[in-house]
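Here the structure is laid out as structure tokens; the discussion comes afterwards.
Quick caveat: nothing in here was measured; it's all calculated off a predicted structure.
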Amino acid sequence: MHVFDRKMTSYKTQIFGTVLCIDGRNVKVLVARTSGCSSCEVASSCSKAGSREITVNAYNDCESDLKIGSHVCVVMDSKSGLKAVLLGFGLPLVVLLITFGLCSALYISEMTACLLSLLSVLGYYAVLFHFRTALSRNFIMEIADNTKCDL
């Protein structure tokens, strides 16, 4: 669900979950990630419909006392979500296409060009994995006060 925050003048993405673990201000929250077709009328007969539970790390900036099992609202800036999609899917596609284009321009065989393109994407993901700690500072999820969330 997307909510417009007037104070911050930005869109926020919110999702509800259950607190699993509390470590000071850091909270692990179990959220159900549902597919877009979960609201479809024929979802029960479709094999692609469903949801899966994932654990997210969130920062607790609220004054309320959280307990394990509490239901909370996790909020993230929508720009961060778009940045994550770009880093995870958009740039690897660009790397793949550029590598394949360069290999084709250099008259390298198609099989070798494909292998080099896939290896370049693998290298891209290895670099992302190496810098995951630094990148995680850019993607901050926070526990919001439940009175500020749309229920």
Gap between atom CD of Glu110 and atom SG of Cys103 - 0.5 Å precision: 11.5 Å
Is there a continuous path of hydrophobic side-chain contacts, each under 4.5 Å between heavy atoms, that joins Leu66 to Ile15? yes
Could you check if a side-chain atom of Leu96 sits within less than 4.5 angstrom of a side-chain atom of Leu118, using non-hydrogen atoms only? yes
Heavy-atom pair with the smallest gap, counting every atom of Phe16 and Gln14: CZ-NE2, 4.2 Å
Kindly compute the distance separating CG (Leu82) from CG (Asp77), expressed to the nearest 0.5 Å. 9.0 Å
For Ile22 and Ile68, the nearest pair of non-hydrogen atoms, with its separation, is CD1-N, 4.1 Å
Are Leu128 and Val121 connected, step by step, through hydrophobic side chains (Ile, Leu, Val, Met, Phe, Trp, Tyr) whose heavy atoms are closer than 4.5 Å? yes
Nearest heavy-atom pair of Val74 and Ala58: which atoms, and what distance? CG1-CB, 4.2 Å
Show the nearest heavy-atom pair for residues Ser120 and Val95, with the distance to one decimal. OG-CG1, 3.6 Å
So which heavy atom on Lys67 is nearest to which on Val19, and how close? O-CB, 3.6 Å
Using atom types as modelled and distance alone, determine if a side-chain donor or acceptor of Ser117 lies under 3.5 Å from a backbone N or O of Phe100. yes
What about Leu102 and Val94, same hydrophobic cluster or not, with Ile/Leu/Val/Met/Phe/Trp/Tyr joined at side-chain heavy-atom distances under 4.5 Å? yes
Looking at CD1 of Ile108 and OG1 of Thr99, how far apart are the two atoms once the value is rounded to the nearest 0.5 Å? 10.5 Å
What side-chain donor-acceptor pairs closer than 3.5 Å can you find for residues 83-91, not counting sequence neighbours?
none

Looking at every non-hydrogen atom in both residues, tell me the closest pair between Ser80 and Phe139 and how far apart they are. O-CE2, 3.1 Å
Please determine whether side chain to side chain contact (heavy atoms under 4.5 Å, CB included) holds for the pair Asn26 and Tyr59, giving the CA-CA distance in whole Å, both sets of side-chain angles, and the decisive distance to 0.1 Å. CA-CA 5 Å; Asn26 296 318; Tyr59 180 75; 4.1 Å; yes
Do Ile54 and Leu20 share a hydrophobic cluster (ILVMFWY, side-chain heavy atoms under 4.5 Å, transitive)? no
